[in-house]
Amino acid sequence: MKKVPVIMDCDPGNDDALALIMVHAAENIDLRAVTTVAGNLNRDITAKNGLEIAEYFNMKVPVSKGCYPIMKKFEALDISIMGAAGMGNAVLPQAKGSYSPLNSVELLHQEIRKAPGEIQILATAPLTNIALLLSVYPEVRDMIKGITMMGGAVEGGNHTPRTEFNIYTDAEAAKIVFQSGIPIRMIGIDVTYRTPVYEEELDELLACRNKTAKFIGDLMFYPGTKERPVPQEGLFIWDALAAAAVINPDIMTWRHHFVDVETRGEITYGETVVDVKNYLKKKPNTHVAYECNKQEFFQMIRYTIEKLG
Ligand code: BDR
Ligand code: CA
């Protein structure tokens with residue numbers, strides 16, 4: 001089987017962590033590097049989490065430290081919703097290894113140049129590293145096979161009324177990426193809201209309680225407690241859906257639209273404007289996910305748990 005070479009650009013983050021172990025476990029993916037960036041937490045903490053996850057699961061890939069937003073002051077998220085270190089209840093051993101000597105932009109550049117035309121980037125964080133890469137090394141644009149991102153929305157937001165967190169955190173960067181001409185698959189919050197994971201489903205998925213199931217449970221604050229129950233409306237595991245779409249794009253139904261990012265709006269800064277009805281008469285630049293096959297998604301999580309043990 002020819003494996004798909006993937007670089008994961010992320011801000012772990014509990015859902016990033018699940019996404020990362022899913023792509024690491026997938027038979028058809030060849031994970032080449034983990035490039036971290038500021039997002040859910042500041043860049044030191046996302047890098048630390050990335051390195052610890054990579055070591056705990058013996059990934060043997062370089063992990064790099066990344067950037068803060070380009071044009072905008074970094075705004076830390078109220079991380080209490082994701083646990084003190086953004087990893088739910090999961091506490092991993094301190095990493096023994098070190099970061100890549102390259103920062104995330106340089107590591108992306110190096111790995112893309114090693115396999116021109118082949119690399120898929122799985123982006124589950126603000127798009128700062130990727131926008132900087134495209135600005136510093138514009139020639140790599142044509143060497144990237146595609147970007148599958150968790151970010152944006154067709155409608156509404158999860159951070160402001162109109163914006164999704166990753167895009168809002170660095171809207172200028174997102175604009176550069178959407179305008180790059182690189183084939184993009186967008187897993188917005190719409191499809192994640194349509195794919196809630198309920199407590200009884202977690203009971204079944206995580207029943208074996210091996211190391212990996214326990215880690216996933218800890219990431220998701222499972223089993224719930226009186227103080228922090230599993231929400232009745234279910235959990236939305238944003239980034240894990242983007243990982244699923246890289247592993248098997250057929251898990252989603254897609255529509256091809258033109259998408260751009262609002263960077264001047266007073267109350268809409270960071271909105272992904274998805275031209276569903278093609279008012280702007282622009283060539284579509286993004287495949288937008290609409291529905292996810294939840295059973296297939298669960299099967300990928302089961303596979304990850306069995307494979308990693
Ligand atoms: C996205 O924002 C982050 O908090 C999550 O890790 C995910 O990438 C969801 O909007
Ligand atoms: Ca993320």
Side-chain angles (χ1 to χ4, degrees), residues 10-23 25 39-40 77-83 86-90 122 124-125 148-168 185-209 212-248 250-254 272 288-306:
C10 55
D11 61 342
N14 57 356
D15 54 333
D16 301 75
L18 175 54
L20 178 53
I21 65 170
M22 286 171 71
V23 288
N40 282 318
L77 191 64
D78 171 12
I79 208 62
S80 57
I81 48 167
M82 291 172 106
M87 298 275 285
N89 287 331
L122 167 58
T124 59
T148 299
M149 69 168 74
M150 191 290 132
V154 180
E155 279 173 17
N158 67 353
H159 191 63
T160 77
R162 302 301 308 168
T163 62
E164 181 279 327
F165 173 75
N166 287 339
I167 305 295
Y168 174 86
R185 291 184 191 274
M186 171 178 138
I187 316 299
I189 55 174
D190 321 76
V191 64
T192 44
Y193 279 138
R194 285 187 208 115
T195 318
V197 182
Y198 298 111
E199 185 164 16
E200 40 305 355
E201 292 170 329
L202 288 174
D203 292 341
E204 189 270 313
L205 282 172
L206 305 180
C208 80
R209 305 302 282 155
T212 306
K214 165 93 174 50
F215 177 65
I216 297 173
D218 285 345
L219 292 174
M220 305 302 153
F221 300 103
Y222 172 87
T225 57
K226 207 155 103 247
E227 296 71 45
R228 200 193 279 265
V230 177
Q232 278 204 334
E233 70 273 21
L235 290 172
F236 306 112
I237 321 184
W238 328 95
D239 296 341
L241 255 61
V246 164
I247 297 167
N248 178 12
D250 294 341
I251 197 171
M252 304 282 172
T253 53
W254 304 93
T272 42
V288 179
Y290 276 79
E291 299 289 340
C292 172
N293 181 329
K294 194 160 147 179
Q295 289 318 314
E296 294 270 341
F297 173 54
F298 284 171
Q299 196 43 42
M300 287 181 191
I301 296 179
R302 278 189 210 103
Y303 179 83
T304 303
I305 291 170
E306 277 163 30

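The analysis underlying the following values was restricted to heavy atoms, covering all of them including side chains, and did not include hydrogens, waters or symmetry mates.
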Donor-acceptor under 3.5 Å ([X] side chain, [Y] main chain):
X: Asp11; Y: Asn40; answer: yes
X: Thr304; Y: Ala25; answer: no
X: Arg194; Y: Tyr290; answer: yes

Identified side chain to side chain contact (heavy atoms under 4.5 Å, CB included) counterpart of Ile237 within the set Asn14, Ile216, Val197 = Val197

Which atom of [X] lies closest to which atom of [Y], heavy atoms considered:
X: Phe297; Y: Ile251; result: N-CD1, 3.4 Å
X: Ala289; Y: Ile187; result: CB-CD1, 3.8 Å
X: Asp16; Y: Cys10; result: OD2-CB, 3.6 Å
X: Ile305; Y: Ala213; result: CG2-CB, 4.0 Å
X: Leu18; Y: Ala240; result: CD2-CB, 3.8 Å
X: Gly152; Y: Thr272; result: CA-OG1, 3.5 Å

Can you tell me how far apart [atom1] ([X]) and [atom2] ([Y]) are? Round to the nearest 0.5 Å.
X: Leu241; Y: Met252; atom1: CG; atom2: CE; result: 4.0 Å
X: Met300; Y: Gln295; atom1: CE; atom2: CD; result: 12.5 Å
X: Asp239; Y: Leu122; atom1: CG; atom2: CG; result: 8.0 Å
X: Glu155; Y: Asp190; atom1: CD; atom2: CG; result: 6.5 Å

Is the shortest side-chain heavy-atom distance between [X] and [Y] below 4.5 Å?
X: Glu199; Y: Leu235; result: no
X: Trp254; Y: Val288; result: no
X: Asn158; Y: Phe165; result: yes
X: Glu200; Y: Asp203; result: yes
X: Met149; Y: Asn166; result: no
X: Arg302; Y: Leu205; result: yes
X: Met87; Y: Phe215; result: yes
X: Met186; Y: Glu164; result: no

Glu201/Lys294 ion pair, N-O < 4.0 Å = yes

Test item: side-chain donor near acceptor, Thr195 and Thr192, under 3.5 Å | no

When you check the side-chain N and O atoms of Asn89 and Tyr222, is any donor under 3.5 Å from an acceptor?
-> no

Do other residues, nucleotides or ligands put more than 12 heavy atoms under 6.0 Å from Glu233 CD?
-> yes

Contacts of Tyr193 that satisfy ring-ring contact (aromatic ring centres under 6.0 Å, His included) - sequence neighbours left out | Phe236, Trp238

Considering residues at least two apart in sequence or located in another chain, which fulfil the ring-ring contact (aromatic ring centres under 6.0 Å, His included) criterion with Tyr168?
-> His159, Tyr269

Passes side chain to side chain contact (heavy atoms under 4.5 Å, CB included), Asp15 versus Met82? Steps please.
-> CA-CA 9 Å; Asp15 54 333; Met82 291 172 106; 3.7 Å; yes

